[in-house]
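Everything on this sheet refers to the single structure shown next.
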Amino acid sequence: MRIILLGAPGAGKGTQAQFLMNTYNIPQISTGDMLRAAIKAGTELGQKAKEVMDAGQLVSDDIMIGLVQERIAQDDCKNGFLLDGFPRTIPQADAMQEAGIKIDYVLEFDVADDVIVERMAGRRVHPGSGRVYHVVYNPPKEEGKDDVSGEDLVIRDDDKEETVRKRLAIYHEQTEPLVAYYQDLAKQDVVSYHKLDGTKKVEAVSAELKTLLG
């Protein structure tokens with residue numbers, strides 16, 4: 001059950017990742033978490049990564065692949081794992097193939113940009129508690145106010161339309177080419193590729209995943 005999740009920011013990957021982790025007892029591997037853990041543990045790769053990051057540079061694909069290999073060799077990955085946010089680029093995907101990191105399923109969450117913008121730009125957050133509302137899907141009882149404390153809700157910078165559009169542009173440019181890449185590997189029977197409609201209700205998408213993965 002080695003899974004890669006693909007899809008634009010706001011396509012609902014995070015929600016379904018939780019469902020998959022709980023259902024199949026597999027960990028979600030986030031490259032950010034891995035980097036922090038390796039640096040904290042002072043591993044050889046962690047030290048290399050720290051030097052690069054301290055110099056204000058991006059950690060190379062080689063180091064990232066090494067970290068992924070180290071991470072998936074750990075006990076909690078024996079049933080499989082979930083990769084979200086990696087690989088981000090074709091060279092990273094190539095490097096994973098060359099390193100012999102086997103993937104069983106690639107799951108793409110497909111949501112149109114305008115829908116994502118509406119989803120994200122409609123979010124309102126209560127800073128004190130972290131409670132999240134949505135002007136359309138989960139509105140507060142009183143507009144702009146937290147249900148519990150009555151305090152003002154805010155729009156996080158990450159959720160502002162301009163920021164969301166920028167993140168989507170980066171996704172289309174850098175990461176979307178992976179869709180064709182993995183579809184091609186699926187034709188060669190290297191992976192199993194499935195495209196899911198991310199605009200469906202959360203429960204419907206979860207049920208579809210359960211059917212797909214068994």
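We're numbering straight along the sequence, starting at 1.
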### Query
Got a second to check how far Lys195's NZ is from Asp110's CG, nearest 0.5 Å?
4.5 Å
### Summary
Smallest heavy-atom separation, Leu6 atom then Tyr171 atom, equals C-OH, 4.4 Å
### Query
Any Lys/Arg nitrogen of Asp76 or Arg71 sitting under 4.0 Å from an Asp/Glu carboxylate oxygen of the other?
yes
### Task
May I ask you to test the Ile65-Ile101 pair for a side-chain heavy-atom distance under 4.5 Å?
yes
### Message
Under a 3.5 Å distance rule, please check whether Gln57 uses its side chain to pair with a backbone N or O of Glu51 as donor and acceptor.
### Response
no
### Query
Does any non-hydrogen side-chain atom of His126 lie less than 4.5 Å from one of Val148?
no
### Task
Establish whether Val179 and Phe109 are linked, either directly or via other cluster members, by ILVMFWY side-chain heavy-atom contacts under 4.5 Å.
no
### Task
Mind listing the closest non-hydrogen atom pair of Ala93 and Pro87 along with its distance?
N-CB, 3.7 Å
### Query
In Å and rounded to the nearest 0.5 Å, what is the OG1 to CZ distance from Thr31 to Phe86?
7.0 Å
### Message
Main chain of Ala180, side chain of Asp184: is a donor-acceptor contact present, judged purely on distance under 3.5 Å?
### Response
no
### Query
Between the side chain of Lys13 and the main-chain N/O of Gly7, is any donor-acceptor distance below 3.5 Å?
yes
### Query
With the 4.5 Å side-chain cut-off for hydrophobic clustering, are Met1 and Leu209 part of the same group?
yes
## Note on the structure
On a heavy-atom basis, the closest approach of Leu196 and Leu107 is CD1-CB, 4.1 Å
### Task
Decide if atom CD of Gln188 counts as having more than 12 heavy atoms of other residues, nucleotides or ligands within a radius under 6.0 Å.
yes
### Query
Which heavy atom of Met34 sits nearest a heavy atom of Ile29, and at what distance?
SD-CG2, 3.4 Å
#### Entry: From Tyr105 atom OH to His194 atom NE2, the distance as rounded to the nearest 0.5 Å
6.0 Å
### Task
Mind listing the closest non-hydrogen atom pair of His172 and Glu176 along with its distance?
ND1-OE1, 2.8 Å
### Message
Would you compute the distance between atom CD1 of Ile103 and atom OH of Tyr193 and round it to the nearest 0.5 angstrom?
### Response
13.5 Å
### Task
Using atom types as modelled and distance alone, determine if a side-chain donor or acceptor of Asn138 lies under 3.5 Å from a backbone N or O of Val132.
yes
### With sequence neighbours excluded, residues passing side-chain contact (heavy atoms from CB on, under 4.5 Å) with Val115
Val111, Ala112, Arg119, Thr199
### Query
Looking at residues at least two apart in the chain, or sitting in another chain, which of them share a side-chain contact (heavy atoms from CB on, under 4.5 Å) with Glu70?
Thr43, Leu45, Leu67
### Task
Report whether Val135 and Val154 are members of the same hydrophobic cluster (ILVMFWY, side-chain heavy atoms less than 4.5 Å apart, transitive linking).
no
#### Entry: Cluster check Val190, Tyr182: I/L/V/M/F/W/Y, side chain < 4.5 angstrom
yes
### Query
Measuring from Tyr133:OH to Lys141:NZ, what's the distance to the nearest 0.5 Å?
7.5 Å
### Query
Any chance CZ of Arg2 has more than 12 other-residue heavy atoms, nucleotides or ligands included, within less than 6.0 Å?
yes
### Query
When rounded to the nearest 0.5 angstrom, what is the spacing between CG in Asp61 and CG in Asp94?
10.0 Å
### Task
Is it possible for you to say whether Ile170 and Met64 belong to one hydrophobic cluster, with membership spreading through side-chain heavy-atom contacts below 4.5 Å?
no
### Where Asp158 and Arg167 come nearest, the two heavy atoms and their spacing
O-NH1, 3.7 Å
